[in-house]
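Here is the structure we will look at, set down as structure tokens.
Computation of the quantities below employed the complete heavy-atom set of this structure, encompassing side-chain atoms and omitting hydrogens, waters and symmetry-equivalent molecules.
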Amino acid sequence: MAMRAAAAAAAARGGLGRRVFSTFNFAPPPNPAAAAAPPQAEPSTNLFVSGLNKRTTTDGLREAFSKFGEVAHARVVTDPVHGYSKGFGFVRYTTLDEAAEGIKGMDGKFLDGWVIFAEYARPRQPRPPPGENGAPPSPRY
DNA sequence: AGTGAGCGA
């Protein structure tokens, strides 16, 4: 009666009574994330370099990468308060071709005793809007 | 501890 009908309706809606014994729901792998966020970013002149020795400095990074092209910019990311390297950095070449050579020449190589990894950097996070008082200096390029 | 993956004043 009414109860039976209600239960049947609930089951039909996919409630507690949902039991699927055999289905060919071979879930189609919908990985839009993998398609939208490939492990390696698309080519750019900007390189992300990780695996650095903690005492590798911006200069050491530039010296190492300048063997494969003209380094327009190099930076080892350091903690602003402790001043120690975070172990990764960025290198920017003047041309895409040099960037490609830099990756081929430096990825997986040693720098200061550590195997480093060089890849194309992702586009940087949107710049924080400058505050009204004491606007934080924008990154200089 | 600079303890080791990562995307930046």
Side-chain angles (χ1 to χ4, degrees), chain A residues 2-141:
Chain A
M3 281 169 49
R4 263 194 86 156
R13 264 183 261 126
L16 302 172
R18 182 160 205 162
R19 292 283 188 275
V20 179
F21 290 126
S22 115
T23 173
F24 289 86
N25 275 348
F26 281 84
N31 41 1
Q40 270 180 321
E42 64 179 75
S44 79
T45 57
N46 212 29
L47 264 46
F48 171 65
V49 186
S50 58
L52 296 176
N53 189 309
K54 296 279 212 259
R55 20 182 189 202
T56 297
T57 180
T58 290
D59 270 343
L61 192 64
R62 152 178 302 211
E63 305 254 333
F65 278 79
S66 60
K67 290 185 297 196
F68 303 95
E70 182 180 343
V71 175
H73 215 209
R75 162 176 280 138
V76 167
V77 178
T78 56
D79 185 276
V81 345
H82 302 99
Y84 289 125
S85 165
K86 289 187 180 172
F88 67 92
F90 296 87
V91 172
R92 171 171 290 209
Y93 284 101
T94 55
T95 67
L96 289 170
D97 192 67
E98 287 170 318
E101 289 301 312
I103 289 182
K104 287 193 293 186
M106 289 306 295
D107 185 42
K109 299 297 166 49
F110 280 87
L111 182 58
D112 290 332
W114 285 78
V115 176
I116 69 172
F117 300 98
E119 56 192 307
Y120 293 114
R122 309 193 193 118
R124 217 197 199 183
Q125 76 179 54
R127 274 116 212 207
E132 282 103 26
N133 63 334
S138 53
R140 353 231 127 180
Y141 278 104

Report the distance from atom NZ of Lys86(A) to atom P of dA5(B), rounded to the nearest whole Å. 16 Å
Taking only residues two or more places apart in sequence or in another chain, which ones pass side-chain contact (heavy atoms from CB on, under 4.5 Å) with Phe117(A)? Ser50(A), Asp107(A), Val115(A)
Could you tell me whether the side chain of Leu111(A) reaches within less than 4.5 Å of the side chain of Leu52(A), counting heavy atoms only? yes
Side chain to side chain, Leu47(A) and Arg92(A), heavy atoms closer than 4.5 Å: no
Out of dG6(B), dG8(B), dG2(B), which has the shortest distance to the side chain of Tyr84(A)? dG2(B)
Select base, sugar-phosphate, or nothing to describe what Gly89(A) touches, counting heavy atoms under 4.0 Å on all strands. nothing
Here the distance between atom C1' of dG8(B) and atom CZ of Arg92(A), to the nearest Å, is 11 Å
Rounded to the nearest angstrom, tell me the gap between atom CG in Asp112(A) and atom C1' in dG2(B). 13 Å
Before we go on, tell me: are the rings of Phe88(A) and Phe48(A) under 6.0 Å apart, centre to centre? yes
Determine all donor-acceptor pairs shorter than 3.5 Å in which one atom belongs to a side chain in residues 59-72 of chain A; sequence neighbours excluded.
from	atom 1	to	atom 2	distance (Å)
Ser66(A)	OG	Arg62(A)	O	3.0
Ser66(A)	OG	Glu63(A)	O	2.9

note: Ile116(A), atom CD1; dA5(B), atom C1'; distance rounded to Å ~ 16 Å
Positions of residues 53-62 of chain A (non-hydrogen atom under 4.0 Å from DNA chain B), listed by number: Asn53(A), Lys54(A)
Return the nearest nucleotide to the side chain of Trp114(A); candidates are dA9(B), dG4(B), dC7(B). dG4(B)
What's the separation between atom OG1 in Thr45(A) and atom CG in Asp97(A), rounded to the nearest 0.5 Å? 12.0 Å
Just the rounded figure in Å: distance from P of dG2(B) to CG of Asp79(A). 11 Å
Nearest-angstrom distance from the residue atom NE2 of His82(A) to P of dG4(B): 17 Å
Check Val49(A) against Val91(A) and note the closest heavy-atom contact, atom names and distance. CG2-CG2, 4.1 Å
Pick the closest DNA chain B nucleotide for Leu52(A) and for Phe48(A) by heavy atoms, then say which residue is nearer the 5' end. Leu52(A)
d(CZ, Phe88(A); C1', dC7(B)) in whole Å: 6 Å
